[in-house]
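A single structure is presented below for examination.
Chain letters run A, B, ... following the sequence lines, proteins first, then strands; residues in each count from 1. Keep in mind that what you see is a predicted model, and the values were worked out from it rather than measured.
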Number of protein chains: 2
Amino acid sequence: MDDHTDQTRKPRADAVRNRERVLEAAKAVFNAGGPEASLEAVAKRAGVGIGTLYRHFPTREDLFEAVYRREVEQLSELAEHLRSAKDPVDALRRWLRSAVEFVATKKGMSAALALTYQSSSELAAFSMDRLTKAIGSLLGRAAEAGQMRGDMSPEDLLRALIGMCYMHDQPGWQSSVLRMLDVFVDGLRVQPAAKAKARAAKRTTPPEKRKR
Amino acid sequence: MDDHTDQTRKPRADAVRNRERVLEAAKAVFNAGGPEASLEAVAKRAGVGIGTLYRHFPTREDLFEAVYRREVEQLSELAEHLRSAKDPVDALRRWLRSAVEFVATKKGMSAALALTYQSSSELAAFSMDRLTKAIGSLLGRAAEAGQMRGDMSPEDLLRALIGMCYMHDQPGWQSSVLRMLDVFVDGLRVQPAAKAKARAAKRTTPPEKRKR
DNA sequence: CCAAGATACGGAGGCACCCTCCGTTTAACA
DNA sequence: TGTTAAACGGAGGGTGCCTCCGTATCTTGG
């Protein structure tokens with residue numbers, strides 16, 4: 001009875017490949033057809049059997065969650081890449097734009113997300129954490145370079161971003177949010193004259209919230 | 001060709017009755033089983049055939065919308081009744097409590113509501129209007145009686161209410177919201193000493209937002 | 001009160017999708 | 001290359017969706 005075989009086996013290549021394919025297909029199908037789209041359609045688009053889909057993602061919610069998680073991770077990685085951009089402020093701006101785009105493509109999925117978020121608060125925690133860190137990284141670099149106020153926490157910025165996107169049912173919301181974000185980033189920017197003062201305030205008591 | 005028959009006929013009694021029954025059943029079934037609940041279950045509970053249900057509400061969304069509208073109207077009517085209560089401040093407080101309860105029973109339906117709101121912005125407009133008027137009526141009476149500040153608009157109060165309920169996934173959110181509302185109403189209350197001043201300020205420039 | 005016509009009712013039936021189950025295939029390891 | 005665990009695919013039973021139409025019921029004019 002050689003039960004010493006509990007050393008984990010390498011996962012099968014086809015399994016890994018298929019999982020990836022299904023995620024890709026699901027992203028496309030859900031974005032196009034909304035959260036009610038047929039899972040059989042997803043399987044067909046992925047070029048796998050329906051059984052395979054169900055083995056990887058036993059419930060519809062599991063699939064939602066996985067797709068969403070993956071995209072959050074991609075946003076997070078984008079922040080990683082943007083860290084090496086020349087202009088830190090521009091990098092932050094670009095990342096925010098990508099985030100808005102991310103929300104935009106999820107338009108049809110908002111109901112599904114509400115449902116998923118409700119059933120798995122762990123997912124909410126995960127994405128908040130990930131996104132906060134992404135923003136924090138970009139924000140921190142810009143602050144260290146002395147180009148931005150240091151008294152805005154990543155959490156605050158994320159909340160502002162979410163709040164702005166929350167009104168995404170009005171027509172033209174996207175450009176509106178983009179405009180607001182630009183204004184916002186400009187506001188965060190350290191004015192040349194005030195640069196020294198901002199650097200001094202970086203790790204001390206945050207200054208009183210400026211009016212208008 | 002006597003086409004003068006366009007004088008509207010009285011609607012059939014059974015049709016009216018069945019419509020009402022379906023709405024009642026839908027409310028119960030959706031609250032219990034979430035927005036995915038079977039429409040056939042709704043029909044069965046209402047004691048009507050599935051065909052009848054579909055004639056009255058051709059799509060699932062139509063049914064959602066009708067149920068929701070009806071409840072908003074009930075909230076609105078409650079405000080009407082509360083207008084004749086003795087204590088205007090207490091009336092407002094009671095209405096707010098009912099509104100929170102209304103949200104609470106909709107817990108499972110939040111995803112459906114998101115969906116419905118998205119597809120029919122007219123519904124959103126309707127309910128905002130209705131609820132704003134309901135609050136306005138209670139608020140106005142309390143202000144006229146000199147028991148409350150007159151510089152809070154119904155829209156603001158409604159927004160605050162919605163905002164507070166927006167966090168309804170944390171455990172214990174309901175009591176938290178109720179507590180916050182109490183604080184809020186207390187804050188709106190005119191202090192005996194300041195009563196005269198408040199009455200004077202009623203229709204002029206709002207005073208600076210009070211601290212703490 | 002009755003007849004006639006308008007209107008609403010119910011549920012059978014066809015269809016799409018959900019999800020499980022298991023015989024077949026394939027990749028990892030020795 | 002053989003063995004075996006793991007993954008694959010899709011047939012099939014079940015459920016819910018929605019339409020369609022013969023039947024039942026209500027309103028109205030006489």
For A:Arg17 and C:dT26, give me the distance from atom CZ to atom P, rounded to whole Å.
->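 These atoms are roughly 11 Å apart.
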Rounded to whole angstroms, how far apart are NZ on B:Lys10 and P on C:dA8?
->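 Going from NZ in B:Lys10 over to P in C:dA8 covers 14 Å.
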B:Leu39 CG to D:dC17 C1', in whole Å, measures 8 Å
Find the distance B:Arg60:CZ to D:dC18:P and express it as a whole number of Å.
-> 7 Å
Heavy-atom donor-acceptor pair, A:Ser76 side chain to A:Val72 backbone, under 3.5 Å =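 No, A:Ser76 side chain to A:Val72 backbone: no donor-acceptor pair under 3.5 Å.
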Write down the distance between CD (A:Glu36) and C1' (D:dC18), rounded to a whole number of angstrom.
->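 From A:Glu36 CD to D:dC18 C1': 15 Å.
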Taking protein heavy atoms under 4.0 Å as touching, what does nucleotides 1-12 of chain D look like 5' to 3' if B marks base contact, S marks sugar-phosphate-only contact and - marks none?
-> -----BSBBBB-
Side-chain heavy-atom pair A:Phe57, A:Arg19 within 4.5 angstrom cut-off |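 A side-chain contact under 4.5 Å exists here.
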Length of the CZ-C1' vector between B:Phe57 and D:dT19, whole Å |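 About 18 Å, once rounded to whole Å.
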Between the side chains of A:Thr132 and A:Asp129, does any donor sit under 3.5 Å from an acceptor?
->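 There is no such pair (donor and acceptor under 3.5 Å, judged by atom type) between the side chains of A:Thr132 and A:Asp129.
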Applying side chain to side chain donor-acceptor pair (under 3.5 Å) to B:Asp182 and not counting sequence neighbours gives B:Arg93, B:Arg97
Salt bridge or not for B:Glu24 and B:Arg70, using N-O below 4.0 Å?
->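 Salt bridge between B:Glu24 and B:Arg70, a charged N being under 4.0 Å from a carboxylate O: yes.
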Please report, rounded to the nearest Å, how far the P atom of D:dT15 is from the NZ atom of B:Lys44.
-> 11 Å
Provide, to the nearest angstrom, the distance between the CD atom belonging to B:Glu61 and the C1' atom belonging to D:dC18.
->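 Going from CD in B:Glu61 over to C1' in D:dC18 covers 14 Å.
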Does A:Ser38 make a side-chain N or O approach to OP1 or OP2 of C:dC18 shorter than 4.0 Å?
->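 Indeed, a polar side-chain atom of A:Ser38 lies that close.
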Report the residue from A:Val67, A:Leu63, A:Leu39 that forms a side-chain contact (heavy atoms from CB on, under 4.5 Å) with A:Val22.
->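 That would be A:Leu63; it is the only one of A:Val67, A:Leu63, A:Leu39 passing the side-chain contact (heavy atoms from CB on, under 4.5 Å) with A:Val22.
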